[in-house]
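For reference, the structure discussed in these notes is given below.
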Amino acid sequence: MFDIKWIRANAEAFDAAVSRRKNVSVRSSDLLAIDDRRREIIVRLNEAQEKRNALSKQIGQAKAQKDEAKAQELMAEVSRLKDFIPTGEAEERAVEAELRAALSVIPNLALDDVPQGDDESDNVEYFGANGTAETAARQRPAKPSFSFAPKEHYEIGVAEKDMDFEVAAKLSGSRFVVLKGQIARLERAIGQFMLDLHTTEHGYLEVQPPLLVRDDALFGTNQLPKFEEDLFFTPHGDSRLALIPTAEVPLTNMVRESILSEEELPLRFAALTPCFRSEAGSAGRDTRGMLRQHQFDKVEMVSITTAETSIDEHERMLACAETVLQRLGLHYRVMMLCTGDMGFGARKTYDLEVWLPGQDTYREISSVSVCGDFQARRMEARYRPSGEKQAPRYVHTLNGSGTAVGRCLIAVLENYQQEDGSVLIPEALQPYMGGLTSIGGK
RNA sequence: GGAGAGAUGGCCGAGUGGUCGAAGGCGCACGCCUGGAAAGUGUGUAGGCGGGGAACCGUCUCGAGGGUUCGAAUCCCUCUCUCUCCGCCA
């Protein structure tokens, strides 16, 4: 969410930057018009309150001096002028709500190095801050080669038996899956491996958050008010709770409505949780297999930083996510999303796309975004700079998947499949699989 | 689910209708003291909004929202959360 004072001071820059984003027609002049009305009512209200307060203080003094006649006279005077105050207060609340509503549906502005574009076809491959295609290729696992036609994950022998969409449909309908036996264990192993990697090697604090959250938390991380239809809700008393669409929501909101000290930053949280998405807008897309589900596991990373360090933290977080795929020996590429493909709250986003030989294509497995102070302003999350006395500033927030567990399971199955329908277990996962080196063999 | 108690600044905690944005303490900042530190000591130390070039001024905020009143941290109502006891329960 934007600071109206910043928009007032930087109206042209705001208009130029906001016009880079897709489907956004708002102009600074619309917002400033609301703000002008807001300031006008505040001035009038403050003047009335000032008079009322001054007179009330005199009444107190008159009563203390037992000057009842004077007190009565003053009280009559206050009664006359205070008619305006209740209506003025109501007017101020209304116009402030109007301004907030207008501001809360404006997406974040892209950083200067984000490519301009309409959709994913305008994303550009990214090789690291100082990297090239060559340096990236040395660091990233190679694309596997097959002596047979690799299958899609749900066609592979071991999955045909233990990845059960039919029974899931009986329980819950489409876009659910029941995993069984060694496939279920493999999914669990992948999640454990990733979470352990981030907590033991990358400095993230392991967190087990609630999976049900209130509307305020969803507003903080931008799911509300614009993307309500993507969520599952459950009634709760007279209100409701949402199933988290990503652990970004609880992890980021852990710092909401607080003032941290600069010394505590950066805060780094990681969690392995189920995620729930209605997929309202994607009917008919990716219906086969478990690529796009209503429920899936994901390891999420969240960093809370100062304003100065968020860009560096973004590169660091990308590297943390990449390490997962490198350890698993999975080929991937990194895309910098263009302005048209970025999420609502992001200033810049990198997607990790893992190679799926069965589909013969790259598919998103992780998304790493830096949001600046956009979410912090929605959450009222600030920090007090150290040293000389300074006013609190908004923190910067970042989030990234590290990575999606379900999609990683797909990638392991497809990349490590054998002709006989069995699947080799990557070395990094073997300790989590009781030492097994393959599953689904005869 | 029933009964009761509570929510005050970065933290702890006093304050039951007026001069209270709020005692005191802790923490923090800057000074004094010291060879240096600790201790001691002095001063300062909430946030939002509006006005102003600035110094500064005004206003709002004592969990949230309403109400009573000339005036509310204090009284009333609703809600949220926390704690204690009882019940139920993985």
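Chain A is the first sequence line, chain B the second, and so forth, proteins listed ahead of strands; every chain is numbered from 1.
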Next item on the list: Using whole Å, report how far NZ of A:Lys57 lies from P of B:G71.
Entry: 15 Å
Notebook entry, point to check: Charged N to carboxylate O under 4.0 angstrom, A:Lys348 versus A:Asp112?
Noted result: no
Next item on the list: Would you please confirm or rule out a distance under 4.0 Å between OP1 or OP2 of B:C60 and any side-chain N or O of A:Asn53?
Entry: yes
Check: Do A:Thr221 and A:Gln223 have side-chain N/O donor and acceptor atoms under 3.5 Å apart?
Finding: yes
Item checked: Spacing between A:Leu32 atom CG and B:G50 atom P, to the nearest angstrom -> 12 Å
Check: When rounded to the nearest Å, what value does the distance between C1' atoms of B:A64 and B:U80 take?
Finding: 7 Å
Notebook entry, point to check: Under 4.0 Å between a side-chain N or O of A:Arg214 and OP1 or OP2 of B:C81?
Noted result: yes
Checklist line | Integer-rounded Å distance: B:C81 C1' and A:Asp216 CG | finding: 13 Å
Margin query: If you apply the rule side-chain hydrogen bond (donor to acceptor under 3.5 Å, both in side chains), what do you find for A:Thr349 with A:Ser369, and how did you get there?
Written below: CA-CA 4 Å; A:Thr349 298; A:Ser369 298; 2.8 Å; yes
Note to self: Measuring from the side chain of A:Arg38 (C-beta onward, heavy atoms only), which nucleotide among B:C60, B:G50, B:G18 has the closest atom?
What the structure shows: B:G50
Check: Taking the six-membered ring for Trp, are A:His202 and A:His198 parallel (under 30°), tilted (30 to 60°) or perpendicular (over 60°)?
Finding: tilted
Note to self: So, OP1 or OP2 of B:G65: does either fall under 4.0 Å of a side-chain N or O from A:Arg93?
What the structure shows: no
Margin query: Does B:G47 have OP1 or OP2 under 4.0 Å away from a side-chain N or O of A:Arg382?
Written below: no
Checklist line | RNA chain B base-pair string [pairs: Watson-Crick or G-U under 3.5 Å; |: paired with another strand] | finding: ((((((((.[[[..)..(.....]]]((((((.......))))))((((((....)))))).[[[[[..)....]]]]])))))))....
Checklist line | Closest listed nucleotide, where the reference is the side chain of A:Asn46 and the choices are B:G47, B:G58, B:G50 | finding: B:G58
Checklist line | Under-4.0 Å side-chain N/O to phosphate OP1/OP2 contact, A:Arg8 with B:G50 | finding: yes
Notebook entry, point to check: Would you call A:Lys22-A:Asp118 a salt bridge at under 4.0 Å N-O?
Noted result: no
Next item on the list: Please check the phosphate of B:A72 (OP1 and OP2 only) for any side-chain N or O of A:Arg52 closer than 4.0 Å.
Entry: no
